[in-house]
Amino acid sequence: MVPPALQDRMIAEADRRTPGNTFTSHTVEASHFAPLTHPAEIADILVGALRQEG
């Protein structure tokens, strides 16, 4: 498992290298498999992402 602080660092580094194509990230306070334990929250994030794209 990659620690959250390292994940944040990798995202920040990638964003600096590709300023025209940055990441959007979300944090869900959940167990290892959030889609099973927090399905509504995950669905809301995905629907929001689709609305931004479309």
Side-chain angles (χ1 to χ4, degrees):
M1 185 168 115
V2 179
L6 180 55
Q7 292 176 30
D8 291 342
R9 182 176 147 205
M10 290 188 296
I11 291 167
E13 288 177 6
D15 284 348
R16 279 192 298 276
R17 291 179 179 165
T18 58
N21 187 26
T22 59
F23 285 91
T24 300
S25 61
H26 301 270
T27 300
V28 176
E29 296 297 328
S31 65
H32 181 69
F33 200 69
L36 288 182
T37 60
H38 292 75
E41 190 172 352
I42 300 300
D44 289 344
I45 291 168
L46 294 173
V47 168
L50 288 172
R51 286 187 178 143
Q52 286 180 349
E53 290 292 319

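Values in this document were obtained by computation on a predicted structure and should not be read as measured data.
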Would you please name every residue forming a side chain to side chain contact (heavy atoms under 4.5 Å, CB included) with [X], sequence neighbours left out?
X   : answer
A30 : V28, A34, T37, H38
I11 : D15, F23, S25
L6  : V2, P3, R9, M10

CD/E29: more than 12 non-hydrogen atoms of other groups inside 6.0 Å
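Count not over threshold, so no.
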Point-to-point distance, once rounded to the nearest 0.5 Å, from CD1 of I45 to OG1 of T24
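Output value for this atom pair is 11.5 Å.
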